[in-house]
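What follows is one structure encoded as structure tokens, with my remarks underneath.
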Amino acid sequence: MRREVQSVLLFLVGGTMVKIGLTGTYVRYVRVGLGPYLIAAGVVLVVVGLASLGQPLFARADVTPPAADGHQHGHGRFDVVWLLLAPVFALLVIAPPALGSYAASRSGTDLRALASTNYPPLPDGDPVRLSVLDYATRAVFDQGRSLGSRTVTMSGFLVADDHGGWYLTRMVIMCCAADARPIKVGLAGDLAAEMPGGPRPDAWVQVTGRYTAQTGADAVNHERIPYVRVLTVEPIPAPAHPYEA
């Protein structure tokens, strides 16, 4: 790879990291809290890229040897490595959204790796706000004992199942979006009656309901999906932090 290409790549990648770190859109790709490290790494790449570009650009220019007739013959050539800039430009101009129903519907719910034996009592108040992950693990691995008859509130986006029903879903990440996996909770109730215009994939909603022993099987990996008995459903804007960790 030519030095000029390396320098431009370093500069653009670093600039992109700084941009998404400062604007907060980095939470679509990595865990919350990694922003300062992302910005610092981006600044280093920008400085290195600029320093490299500041060197004489033609110091290592290729010199075409004289042809047999004594004349220089230039031959234009396109370096395919410049195509590496395409995804960087795309990220700068059009920031991809966080993972949603498309990714979730093609991945099986993944609770086994997050199984726990520690389920403290729910905090006081009714309804009590829980993450989708917290509700799902309590419902599956604690058989709902720590949930009891309490009313809970959760938020997530909608994913259609294969039988005309809907899942409340959140993507859980350990480090970044590359390792994201969905956690799904089935919605037992009539969502169409609660939502003007009816439910649709990727719509963010806040669900209030109670534990039910009803379960289903994920069509992708056949893992168990717990359900919640829906009392109310309220459309909400997509949160600033779309992933659970």
Side-chain angles (χ1 to χ4, degrees), residues 28 97-116 119 122-123 125-173 177 180-245:
R28 301 177 184 177
L99 298 176
S101 64
Y102 180 85
S105 63
R106 286 158 178 75
S107 301
T109 192
D110 190 4
L111 280 177
R112 287 185 299 173
L114 303 167
S116 174
Y119 299 102
L122 296 179
D126 209 42
V128 60
R129 178 168 290 279
L130 293 179
S131 67
V132 173
L133 174 60
D134 194 8
Y135 178 88
T137 53
R138 289 174 183 266
V140 171
F141 301 114
D142 193 42
Q143 289 76 50
R145 285 188 290 266
S146 59
L147 296 168
S149 59
R150 297 287 299 279
T151 303
V152 300
T153 297
M154 301 175 286
S155 60
F157 59 88
L158 296 178
V159 175
D161 66 19
D162 292 339
H163 307 288
W166 295 91
Y167 296 135
L168 182 71
T169 308
R170 289 297 286 265
M171 302 297 286
V172 174
I173 62 174
R181 52 186 180 272
I183 302 298
K184 305 173 186 177
V185 171
L187 300 177
D190 187 4
L191 268 65
E194 296 284 343
M195 298 184 65
R200 56 182 176 78
D202 285 315
W204 280 86
V205 296
Q206 178 176 278
V207 173
T208 300
R210 293 193 180 98
Y211 168 74
T212 174
Q214 178 182 349
T215 61
D218 195 297
V220 179
N221 61 358
H222 308 294
E223 289 296 320
R224 189 153 48 129
I225 295 178
Y227 274 69
V228 63
R229 175 65 58 185
V230 175
L231 300 177
T232 63
V233 179
E234 179 185 356
I236 60 173
H241 301 156
Y243 299 124
E244 291 184 356

Are side-chain heavy atoms of Pro201 and Phe157 found at a separation under 4.5 Å? no
Tell me the closest heavy-atom pair linking Pro239 and Arg170, and the distance in Å. CG-NH2, 4.3 Å
Is a side-chain N or O of Glu244 found less than 3.5 angstrom from the main chain of Ser131, in a donor-acceptor match? no
Nearest 0.5 angstrom please: Leu231 CG to Thr208 OG1, how far? 7.0 Å
When the ring planes of Tyr211 and Tyr135 are compared, do they come out parallel, tilted or perpendicular, using 30° and 60° as the limits? tilted
Are the side chains of Val228 and Leu187 in contact, using a 4.5 Å heavy-atom criterion? yes
For Gly216 and Tyr227, which heavy atoms make the closest approach, and how far apart are they? N-CE1, 3.7 Å
Could you check if a side-chain atom of Leu130 sits within less than 4.5 angstrom of a side-chain atom of Leu122, using non-hydrogen atoms only? yes
For Arg224 and Thr109, work out which heavy atoms get closest and say how close. O-CG2, 3.9 Å
Side chain Asp134, main chain Thr137, donor-acceptor under 3.5 Å: no
Answer yes or no: is there a donor N or O on one side and an acceptor on the other, between the side chain of Arg138 and the main chain of Arg145, under 3.5 Å? no
With a 3.5 Å distance limit and no angle check, can you tell me whether Arg150 reaches the backbone of Gly125 through a side-chain donor-acceptor pair? yes
Roughly how far, to the nearest 0.5 Å, is CZ of Arg181 from OH of Tyr243? 13.5 Å
Does any part of the side chain of Asp161, heavy atoms only, come nearer than 4.5 Å to the side chain of Asp218, both counted from C-beta? no
Taking all non-hydrogen atoms of both residues into account, name the closest pair between Pro182 and Thr169 and its distance. CB-CG2, 4.0 Å
Between CG on residue Leu191 and CG on residue Leu168, distance to nearest 0.5 Å: 9.0 Å
Starting at OG of Ser149, measure out to CZ of Arg229 and round the result to the nearest 0.5 Å. 15.0 Å
Say you draw a straight line from CG of Asp202 to CG of Leu158; how long is it, rounded to the nearest 0.5 Å? 8.5 Å
Take a 6.0 Å sphere around CZ of Arg129 and say whether it holds more than 12 heavy atoms from other residues, nucleotides or ligands. yes
Cation over ring face, Arg106 and Tyr102, 6.0 Å, 45°: yes
Reported CG-to-CE distance for the pair Leu99 and Met171, which is rounded to 0.5 angstrom: 5.0 Å
